[in-house]
Amino acid sequence: MTISEPKDFIREQVIQDNETNRFGGRVVTRFPPEPNGYLHIGHAKAIHADFGVAQSFGGHCNLRFDDTNPTKEEQEYVDAIQYDIRWLGYDWGDNLFFASDYFEQLYAWAVKLIQDGKAYVDDLTADEIRAYRGTLTEPGRASPYRERSVAENLDLFARMRAGEFPDGAKVLRAKIDMASGNLNLRDPVMYRIRHATHHRTGDAWCIYPMYDWAHGQSDAIEGVTHSLCSLEYQDHRPLYDWFLDQLGIHHPQQIEFARLNLTNTVTSKRKLLQLVNEGIVAGWDDPRMRTISGLRRRGYTPEAIRDFCDRVGLAKKPNVIEVALLEHCLREDLNKRALRVMGVLNPVKVVIENYPADQSEELEAVNNPEDPNAGTRKIPFTRELWIEQSDFMLDPPKKFFRLAPGAEVRLRWAYIIRCTGVVKNDAGEITQINCTYDPATRGANPIDRKVKGTIHWVSAAHALPAEIRLYEELFPQARPDEDENWQANANHASLQVIRDAVVEPTLADAAPFQHYQFERTGYFVVDPDSKPGALVFNRSVGLKDTWGKLEKQAS
RNA sequence: UGGGGUAUGGUGCAAUCGGCAGCACGACUGACUCUGGAUCAGUUGAUUGAGGUUCAAAUCCUUGUACCCCAGCCA
């Protein structure tokens with residue numbers, strides 16, 4: 001690892017382990033998703049930690065699906081998770097594993113624990129086990145089945161596997177300490193009976209290992225050295241260590257860090273699933289969702305997400321990151337790469353009275369001022385244009401640098417125009433703005449006066465219709481799920497669809513997931529729903545808007 | 001005294017042996033600008049409380065306080 005890399009407490013630990021030669025200098029991590037939902041921004045942090053730490057030390061990171069609960073897991077999720085991790089830019093090479101691949105080994109180890117008198121078959125019901133477990137402040141009591149003979153346990157456990165008992169009739173438990181202050185050590189369940197079809201092992205098994213029993217042993221099998229997980233597993237570490245010690249097998253170091261929390265965001269698979277199932281959003285990839293697929297569709301880039309993960313850091317302190325940081329990372333990435341184009345969301349017609357109706361010209365526009373290699377393009381200019389309604393005011397306040405009666409404004413890449421009057425309909429709405437243009441101001445500033453404002457426009461004759469989807473926060477409040485009734489916090493007006501926007505003709509062939517900056521408006525991405533002739537754009541994030549801020553302060 | 005954790009500006013992360021509390025986001029000024037974008041310059045603002053040790057404490061000691069996690073046959 002080079003000196004310039006960040007040294008969070010996890011990397012410090014690894015450095016120490018390498019110095020003491022604890023794992024022979026090897027560094028192996030793993031990312032262990034359960035395939036029961038889609039990945040979200042919180043997983044991105046974990047992935048970034050798991051793959052990033054391994055990479056820092058020239059090690060590798062396994063992708064291991066923690067598929068020990070057949071009633072909740074599906075192949076669909078296995079596929080989606082792999083797609084998302086790859087899209088984020090991480091590579092597990094050949095190291096794709098499944099906890100279900102280890103079921104046979106896990107079973108053999110369980111038998112060994114029984115033989116050693118360290119595990120037993122319990123006939124108590126789930127409710128009874130809970131009652132016997134005691135409470136946070138009172139010790140538990142031993143199950144009446146705790147002292148069964150090894151032979152009987154062996155027999156019963158074999159028959160559990162053989163399918164002789166119905167769901168819930170028996171479990172295998174580790175025999176540890178019913179009085180421990182750590183509830184996880186009060187004879188945790190290792191196996192439960194589930195006559196369910198598993199997405200990979202089919203009907204080969206009807207007993208399935210619990211997380212605590214499967215996880216550490218899977219880490220050991222894979223030669224993992226540093227097993228990174230979130231804070232809530234701190235209480236499980238003694239159990240993780242206990243199993244490994246009883247078995248006397250390779251013993252990785254579990255290290256816990258604080259999971260990511262984001263303002264205005266729910267990150268809980270259960271809640272995300274609810275948003276989808278209850279139709280509050282359109283699906284897992286709804287651009288308002290901070291799932292990886294939702295962020296992708298919203299126009300986030302892997303680079304922006306990785307940069308974000310870098311900046312949030314890695315520590316044990318529970319945290320809530322402001323979404324502003326996420327948005328900052330996106331803007332910073334897109335500013336360097338997104339091609340600039342002009343699009344008018346809420347058009348109003350401008351007629352340039354002294355520009356001949358039969359005339360048109362091609363003006364050169366810079367594609368990205370931040371990137372000379374992006375080149376230039378030609379955009380058509382004619383007598384009739386669309387401009388943004390908000391770029392005109394009949395009675396403008398001070399510091400409004402745009403178009404108003406008698407005022408001048410620069411048309412981006414084109415001429416300076418002066419407003420001479422407006423046309424209104426019967427309802428009093430402005431339907432047309434009349435202007436004159438100054439032919440001397442193409443590519444040049446006037447010498448006798450200063451024109452401060454520049455606005456974007458699209459030639460009416462060449463404009464392409466477009467649908468534009470604007471998003472606000474799904475949850476306007478910073479911490480939506482502090483509330484028991486968190487779903488009620490959802491803003492059902494968080495998606496605004498504009499169907500009559502117009503964009504410049506160079507966008508005719510814009511392909512899904514292409515990023516653009518609509519000048520002065522924001523960053524937009526082509527939605528997968530988009531087709532030539534029926535363009536659809538999502539606003540990824542707005543540009544910083546100091547004028548908008550002024551307006552807000554004024555109101 | 002059930003067990004396990006965490007406390008540094010509004011937010012997140014640093015400060016390696018006890019040695020000038022730093023970086024980023026945000027907010028606020030200003031400069032510049034054919035994007036009210038970008039860029040540049042600057043300002044604001046923090047060590048959980050109380051004692052103690054020390055020339056010197058975010059860091060060491062004592063003692064409080066607050067917050068988070070744990071009682072699934074989920075992970």
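Side-chain atoms are counted along with the backbone in the values below, which use heavy atoms only and exclude waters and symmetry mates. Everything quoted here is computed from the prediction, not taken from an experiment. Every chain is numbered from 1 and lettered A, B, ... according to where its sequence line falls, protein lines coming before strand lines.
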Have a look at A:Ala126 and say if it touches a base, only the backbone sugar-phosphate, or nothing, with a 4.0 Å heavy-atom cut-off. base

Donor-acceptor check, side chain of A:Thr291 to backbone of A:Tyr38, threshold 3.5 angstrom: yes or no? no

Just checking A:Pro369: base, sugar-phosphate only, or nothing, at a heavy-atom cut-off of under 4.0 Å? base

Residues A:Ser390 and A:Glu388: side-chain donor-acceptor under 3.5 angstrom: no

Ring pair (Phe, Tyr, Trp, His ring centres under 6.0 Å) partners of A:Trp242, counting only residues at least two apart: none

Nearest heavy-atom pair of A:Arg410 and A:Val451: which atoms, and what distance? N-CG1, 3.8 Å

Salt bridge (Lys or Arg N to Asp or Glu O under 4.0 Å): pairs with one or both residues in residues 228-244 of chain A, sequence neighbours excluded: A:Glu232-A:Arg259, A:Arg237-A:Glu256

Determine the Euclidean distance between corresponding P atoms of B:A56 and B:G2; express it in Å to zero decimal places. 39 Å

Reckon A:Tyr191 touches a base, only the sugar-phosphate, or nothing at all at heavy-atom distances under 4.0 Å? nothing

Give a yes or no on whether the ring-centroid distance for A:Tyr233 and A:Tyr211 is below 6.0 angstrom. yes

Tell me, which of residues 159-171 of chain A have any heavy atom that sits under 4.0 Å from an atom in RNA chain B? A:Gly168, A:Val171

Roughly how far apart, to the nearest Å, are B:A46 and B:G3 at atom C1'? 32 Å

Got a sec, which residues hit side-chain contact (heavy atoms from CB on, under 4.5 Å) with A:Asn264, two or more places apart in sequence or on another chain? A:Arg290, A:Val323, A:Glu473

Partners of A:Lys544 by side-chain contact (heavy atoms from CB on, under 4.5 Å), sequence neighbours excluded? A:Arg331

Pairs in or reaching into residues 162-171 of chain A: which pass side chain to side chain donor-acceptor pair (under 3.5 Å), with residues at least two apart or in two chains? A:Asp123-A:Lys170, A:Arg159-A:Glu164

Taking atom C1' in both B:G26 and B:U43, compute the distance separating them and give it to the nearest angstrom. 14 Å

Contacts of type ring pair (Phe, Tyr, Trp, His ring centres under 6.0 Å), residue A:Phe400, not counting sequence neighbours: A:Trp547

Report the residues that fulfil salt bridge (charged side-chain N to carboxylate O under 4.0 Å, His left out) with A:Glu322, sequence neighbours left out, ordered by chain and then residue number. none

Identify, residue by residue, the members of residues 174-190 of chain A with a heavy atom below 4.0 Å from RNA chain B, and return them in order of residue number, or none. A:Gly181, A:Asn182, A:Leu183, A:Val189

Segment of RNA chain B, first to last nucleotide, that comes within the 4.0 Å heavy-atom reach of chain A: B:G2 to B:A75

Note on RNA chain B: ranges paired as stems (three or more Watson-Crick/G-U pairs in a row, both atom distances under 3.5 Å) are B:2-7 with B:65-70, B:10-13 with B:22-25, B:27-31 with B:39-43, B:48-52 with B:60-64

Should the pair A:Glu222-A:Arg30 be classified as a salt bridge under the 4.0 Å nitrogen-to-oxygen rule? no

Strand contacts (RNA chain B) in residues 408-418 of chain A, 4.0 angstrom heavy-atom criterion: A:Arg410, A:Arg412, A:Trp413, A:Ala414

